[in-house]
Structures are given as structure tokens and as C-alpha cells.
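See structure below.
Hydrogens, waters and symmetry mates are skipped; everything else that's a heavy atom, side chains included, is used.
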Amino acid sequence: MLTYKRIVNGALMESPVDQVEFAEQVDVLVAGVGTAGALAVIAAAAQGANTLGVDRLPGIGGMGTMGYVSGYYYGLDGGLHVDIDTEAQAMGREHFLDRVEAKKYIMENRIAESGGRLSLETTVTGVFMEGNTIKGVSLLSDGKQWNVGCKVLIDATADSSVVTLAGCATQTGRESDGKTRPFTSVKVWLHENGSITRTNHDSGYVNQYDPFELSQGILQAHASQLLEEFSDEKKRVMFFAPFIGIREGRIIDAEKNITIDEVIAGMQEEETLFYGYCDFDKHGKDHALETDALQDLYVAANLSTACFTVPVTLRSMTPKGFRNLLVAGRHVGMDHDVASLLRMQRDMQKCGESAGVAAALAAADGVTPDQVPYNRIKGILEATGCLTEKHNKGIWFDDSFRREEIHWMTDPEAIKAELATDKPGIAIYSCKLLGEAIVPQLKAWIASEDRMLRFASAISLGLIGEAAAAPVLREIVRERDAFYYKDCRRTNQFRSVIAIYVLGKLGDRDSLPLLRDILCDEAEYQKPLYHEIKEPSYKLNTSKNFNELYYQIISHAAVALIRLAKAHPDLADGIKEMLLQAFKDDRHLLNVTTLPKLTFEYETVENIKSQVFRFCEAGQPAAVQ
């Protein structure tokens, strides 16, 4: 007997089914024909599988076509998408406005030529299960429901839509507040010289599973961009991309979930299908709400643009406990931190190709994907360039500002020399990895008369968890200035902010007066450091209406106080009163930005305020809440 699972009024419902009439049977069904799904259909069909791709949208290709993101940010070239891109570039110049329209046309032709089929403007409404094996799905299109049976199903919806129906466990957003990465809206405009340009715009935080909130977010994002362009006579807005860029959603609990610690440690896998490659491209400015693991690297060590290689295996594409179900896209098994890295278009196209090949071979052999010999899949992926050892790059600074391979340091003298520079990031994080082995040297260096060495050594010592770093860290905060480290081409971190973060991690109760003054003294904003950096800068902050330094200091100070309250229960009540006093009005918000509600800048400040209120109200009587 089969079980039919579907969503009714927002809840997962299931009912027994004696017999199902399938309109057709396919080898591979791909749900979602976006960035990953389009390549999954192409790859599966190329292996001779009877393949059907379905998508709720009227076109295929996802952000690379419907989203009008015609360029790439990192990821690694290789696989079936390379020839498609080359052909689209040539065809786009001759016949289309841009290669994105050509790419959609070419991919649809590739699918047809290989015998694959598409059903667009089609929604998966339910799944038919036999235990943990999917036997088929129900589809809705053109006002009619029909059922399709399949041997293997690939969920390439990017939001785990089908695996959620099947009952796979998922997680969404960061642990602190459940928020996912800010979404992007894309406008396409005509330049005065006749060229066509697209612009990505970070557009705030949105719950894409709430249709009203999503619609409101899209309208606000497009309205904000349109108003900006009215003041520029050299630009003419042509249109907004019909498909917005949702960077993160539900992520599956896979047979193997990739973690940030494994990525930073440079993990290797024996049965890799493809490699991801990027920095932790998280976009949001509210770093204080991210995990300690990410903040240690991104904030304390100032390594925001260090690129990491991620080997991805079939286990990370297989929902835990399921047999003939794969995922392809930004919802593969990983943690929230890795999700900011493993989502680039090139890599997601390779992910789709890998899933398509594995599914097709499994269907042909009458087995589940995990039973297909790895070497068979590997040989096909190597032949297209989807999988190559050259992709196993390691860790790099990989941009025009700084291009060099990163190796974590072990020699104390080399570490000391780098800590004394304005680019100490690799040395700082190397100290964290070395732990106790480097503590004696760091304790000696924090007494140095060289301020750069003393301060960077204190940050390193604090990351290891040594309280001996606290006096020097408090010195940095007392002297707070606008100095920032220069390791990266963008998102460089202020030393004062780093010190506040590390003091919070240490639970240093002696820093309480400093943090109180930052948040509660209304004269804080008048200090010169908050007004020294007036022009937008790619190295620090590209938002012209956002005081980056003030925001980072108050956000990290607020979270540091929450950490202190948790570490020292005797301080908790006083800290809660302090936080409520500090955030009783919009003073901090107005000191950061004057942009209105629903803008990315406004919501970035509100995220911190909301975190403060959640903490202060926790465990309080209902009347207080």
C-alpha cells in the first residue's frame, strides 16, 4: 500500500492509497528546473534516461536566466554548462538582448535533443511513498491534476519543496534568530552609450514561505531601486528581473551534512562528485548574530574573502533515510554557514549535472543512486570536466586585490611577524588552530611595545579562550578608533569591534562598564571615530546611508552583553535592564541609517534590536512580554 503525502492548510498530511493511476512512468523526474535542475535534466537525458523536468515558472534556468544574473561569482568552471555558456554568449550578441535569454533557449533545445521533456507552470502537489521510497508525484498544471510515476526523483527546487512533502527533516536559517541570507533584486538598465547593464541589490530579509511578506519585500525592493534611478539621467531602467534572488531556504538533513569546521580544516572526500569554491559570501551586515565558528573566521580573523574548496559527495545530496531521492541545489546537506559558500551558479550547475548522472545510471540499473559504483559516475563527470582534480584548490585569496594560496601557519616567528602587520588575519586564525601550543608566545607578545603586535596577539589569545587577553582587549575598546585591518578587498573588520566580540566570547565581566557606556551613553555617537569615514568604500561599506562602524560596535556590544548575562547569572537582571534602556527607542537605528522600514539597512538594525528583546523577555511573565 502506498502513502500519499501533501500539504493541507500549511500542515503535512498523509493518507493510505490502495491504487494509483499514473498517467506515465519516467526514469528520472526533476522537480524544479532552475540553475541546478536544468542541468540535471540535461545530464540525465544525455545518459539515455526517460527524463521529465517540471517547474512552477514559465521558463528554465533559475537565476542564470529568469533572474538575469548573467555573470558568475566564483564557483569553478567545468561540466556541461561551459559549452552552453559559450554558445549563449555568441548567440546572445547576435539575436538577444543578453546571453541569459539565449541560454534559456539553448538549454531547452539540449533537453529536447536528448529526448528529455519539460512541463512548465507545473507544481508538485504531493508525493506517493512506499516506506521511504518515492513511487511518484501528483502534479497540477493548466487547472488539472495528474500523476507521474518515477524510478528516481531529484528535488532541485532549491527550497526542499518535494523532500519536505516526503517527510525529510530540514533546517532553516541561522540559530540565533532563524533569519536566512538577505535576498537580492536585479534591475536591468540601459546606459547612455547603449550598453545594457544589470545591478544586484541587497534587498533585506524575507520569509519566502509567507506569500504576503515575500510580495511586500519584492515591491519595496523594486520601488527603492526605481527611485534611485530617477535622479540619474545617464541611466534608464528597462525592467526588473522577474525572478528574485533568494540566497537561502530550507536545507536538508542529509546522510552527510557539511560543516564549517570541516571546510576550514580543508576536508577531503574519497567519492567527490564536484567541488564548490567561494568565500563565505554571507551578504548580511549583522555579523554579531552569526555562529561563533563563522565570526571567528569572518570577524576576528578578518578573512571574509578567503575562498574555500568544498568537496561534495552523493551522501550530501541524499536526504537521510531515503532511497531513491536526491537533491540538487543550494539545499544540499550543510550547515547555515556553509550555505553562504556552497550556492554559486557554477557549482550549482555542476551539482545538477552530478545528480542527473547518478539518477540516470541508477534508473538504468534498477537500483538506488547510492548503489551505483562511484567510478561509473566519476568517469562520466570527468569526461565533461564537471569533476577534475584541478578543482581541489584548497584555500586562497583569489581576487585582483590579493591572489595567494593560504596555508595555516605553525612557525611562531613567522606568526609574530605577521601579527605585527595590518594584515594579520591568517596568523590570527592560525593561532586559534594551534591552541595551547602558541599560548606562551602570545602571552609574551601582549606585553610588547609594538601596538600592532600587542593588539593582534590579544585577539589571537582571546580566540583560544585565554582570559589573560582581556586587559589588552579592554584597552582596545577604551581607545576605540576607526582603524580596520586590511586583509581583504571588502568587508574588512574594525579592530575595536573585534575586541568587543572576543571579550564577549570570554565572558569578561570587567568589560561590563565599557559595554554599558557604548550602548547607554547618548554622547557615544558624538565621538570622532564614528564620523571619520564618510564616503562609501568597497573595502568597508558600500551603503552610502549606513554608518558601518557605529552599527558594528553597538551590535557586537549588545550581543557581548547577552553573552555576559549567560556566563554570569548574577549579572543577568542588571544587563537586561541595561539593554532595554539602550534600545527603548530608535536612537541607535537613526544613528546608523535614516532609511525606512523594509529596507535592507533598516532591517539590519532591527535584527539586533529584536535579538535584544527576545533575550530580555525570555523567562519573563506574560505581562512583561
Would you say the side-chain atoms of Lys282 and His287 include a donor-acceptor pair closer than 3.5 Å? yes
Work out which heavy atom in Glu87 is nearest to a heavy atom in Arg110; give both atom names and the distance. OE1-NH2, 3.2 Å
In short, Asp286 meets Thr604 closest at the heavy-atom pair N-CG2, 4.2 Å
Apply side-chain contact (heavy atoms from CB on, under 4.5 Å) to the pair Val33 and Met107, showing each step before the final yes or no. CA-CA 10 Å; Val33 195; Met107 289 194 298; over 6 Å; no
With a 4.5 Å limit on heavy-atom distance, are the side chains of Asp335 and Asn257 in contact? no
Would you say the side chains of Trp146 and Ser141 form a donor-acceptor pair under 3.5 Å? yes
May I ask you to say whether Glu101 pairs ionically with Lys104, meaning some side-chain N is under 4.0 Å from a carboxylate O? yes
Is the backbone N or O of Arg490 less than 3.5 Å from a side-chain atom of Ser304, with the two atoms forming a donor-acceptor pair by type? yes
How are the rings of Tyr4 and Phe128 set relative to one another: parallel (under 30°), tilted (30 to 60°) or perpendicular (over 60°)? parallel
Taking atom types as modelled, is there a side-chain donor on Ser185 or Ser203 under 3.5 Å from an acceptor on the other? yes
Output yes when Asp292 and Arg563 qualify as a salt bridge under the 4.0 Å nitrogen-oxygen rule, no when they do not. yes
Test your reading of the model: is there a side-chain donor-acceptor pair from Arg330 to the backbone of Ala158, 3.5 Å cut-off? yes
Do Cys150 and Val26 come close enough that some side-chain heavy atom pair is under 4.5 Å? yes
Would you kindly say whether Tyr277 and Asp398 are connected by a side-chain donor-acceptor distance under 3.5 Å? yes
Between Tyr205 and Asp177, a side-chain donor and acceptor under 3.5 Å: no
From Thr184 OG1 over to Phe600 CZ, what is the distance, rounded to the nearest 0.5 angstrom? 10.0 Å
Do Asp370 and Thr368 have side-chain atoms, one donor and one acceptor, less than 3.5 Å apart? yes
Taking every heavy atom of Glu270 against every heavy atom of Tyr374, the minimum-distance pair comes out as O-CE2, 3.8 Å
Just checking Lys256: does its NZ atom have more than 12 heavy atoms from other residues, nucleotides or ligands closer to it than 6.0 angstrom? yes
Hey, mind stepping through Glu130 and Thr133 against side-chain hydrogen bond (donor to acceptor under 3.5 Å, both in side chains) and telling me if it holds? CA-CA 5 Å; Glu130 185 176 72; Thr133 298; 5.9 Å; no
Taking the side chain as every heavy atom from C-beta outward, state whether Phe243 and Met63 have any atom pair closer than 4.5 Å. yes
Look only at the side chain of Ser555 and the backbone of Ile608, and say whether a donor-acceptor pair between them is shorter than 3.5 Å. no
Compare every heavy atom of Leu153 with every heavy atom of Val137, then report the nearest pair and how far apart it is. CG1-CD1, 3.4 Å
Atom CD of Glu213 and atom CD1 of Ile218: how far apart are they, to the nearest 0.5 Å? 11.0 Å
Using modelled atom types only, decide if a donor and an acceptor are shared between the side chain of Asp487 and the backbone of Leu303 within a distance under 3.5 Å. no
How about Asn50 and Gln25: does a side-chain donor come under 3.5 Å of a side-chain acceptor? no
Heavy-atom side-chain contact between Phe280 and Ile260 under 4.5 Å: yes
Just wondering, more than 12 heavy atoms not from Gln371 lying within 6.0 Å of its CD? yes
When you measure from the side chain of Thr309 to the backbone N and O of Asn392, does any donor-acceptor pair fall under 3.5 Å? no
Do the side chains of Val206 and Ile246 get nearer than 4.5 Å, heavy atoms only? yes
Give the intermediate values and the outcome of side-chain contact (heavy atoms from CB on, under 4.5 Å) for residues Thr291 and Arg174. CA-CA 8 Å; Thr291 64; Arg174 59 192 176 197; 5.9 Å; no
Begin with the C-alpha distance, continue with both residues' side-chain angles, and end with the deciding distance and a verdict on side-chain hydrogen bond (donor to acceptor under 3.5 Å, both in side chains) for Asp279 and Tyr298. CA-CA 10 Å; Asp279 56 47; Tyr298 198 101; over 6 Å; no
Smallest separation among heavy atoms of Gly149 and Phe22, with atom names: N-CD2, 3.3 Å
Once rounded to the nearest 0.5 Å, what's the spacing between atom CD1 of Ile244 and atom NE2 of His201? 12.0 Å
With a 3.5 Å distance limit and no angle check, can you tell me whether Arg343 reaches the backbone of Asp281 through a side-chain donor-acceptor pair? yes
Ser430 side-chain N/O to Met409 backbone N/O, donor-acceptor pair under 3.5 Å: yes
Assess the side chains of Gln611 and Ser176: does a donor N or O sit below 3.5 Å from an acceptor N or O? no
Return yes if some donor-acceptor pair links the side-chain N/O of Glu113 with the main-chain N/O of Ala46 below 3.5 Å, else return no. no
Is the closest basic N to carboxylate O distance between Asp155 and Arg250 below 4.0 Å? no
Side-chain contact test, heavy atoms from C-beta onward, threshold under 4.5 Å: evaluate it for Asp253 versus Gln171 and give yes or no. no
Euclidean distance, Thr259 OG1 relative to Met334 CE, rounded to 0.5 Å: 12.5 Å
Hey, is the main chain of Gly385 close enough, under 3.5 Å, to the side chain of Thr388 for a donor-acceptor pair? no
Does Arg181 pair with Glu290 as a salt bridge, N-O distance under 4.0 Å? yes
What one should report as the nearest heavy-atom pair of Phe183 and Gly217 is CZ-O, 3.6 Å
Check this for me: Met267, atom CE, are more than 12 non-hydrogen atoms of other residues, nucleotides or ligands nearer than 6.0 Å? yes
Lys505/Asp296 ion pair, N-O < 4.0 Å: yes
Hey, does Tyr275 have a side-chain heavy atom less than 4.5 Å from the side chain of Asp347? no
How long is the gap from OG1 on Thr305 to CG on Asp399, to the nearest 0.5 Å? 5.5 Å
Note, Phe274 side chain near Cys351 side chain (heavy atom, < 4.5 Å): yes
Any donor-acceptor pair under 3.5 Å linking the side chain of Arg346 with the backbone of Tyr74? yes
With side-chain hydrogen bond (donor to acceptor under 3.5 Å, both in side chains) as the criterion, how do Asn492 and Asn302 come out once you've worked through the C-alpha distance, each side chain's angles and the decisive distance to 0.1 Å? CA-CA 6 Å; Asn492 285 293; Asn302 193 43; 3.1 Å; yes
Between Tyr209 and Asp159, is there a side-chain donor-acceptor contact under 3.5 Å, judged purely by atom types and distance? yes
Candidate list Ile84, Ile111, Thr86, test side chain to side chain contact (heavy atoms under 4.5 Å, CB included), partner Ile106, passing option: Ile84
Please assess Arg247 against Ser340 for the test side-chain hydrogen bond (donor to acceptor under 3.5 Å, both in side chains), listing each intermediate value before the final yes or no. CA-CA 8 Å; Arg247 292 189 172 99; Ser340 65; over 6 Å; no
For His336 and Glu248, which I'm curious about, is there any donor-acceptor pair between the side chains at under 3.5 Å? yes
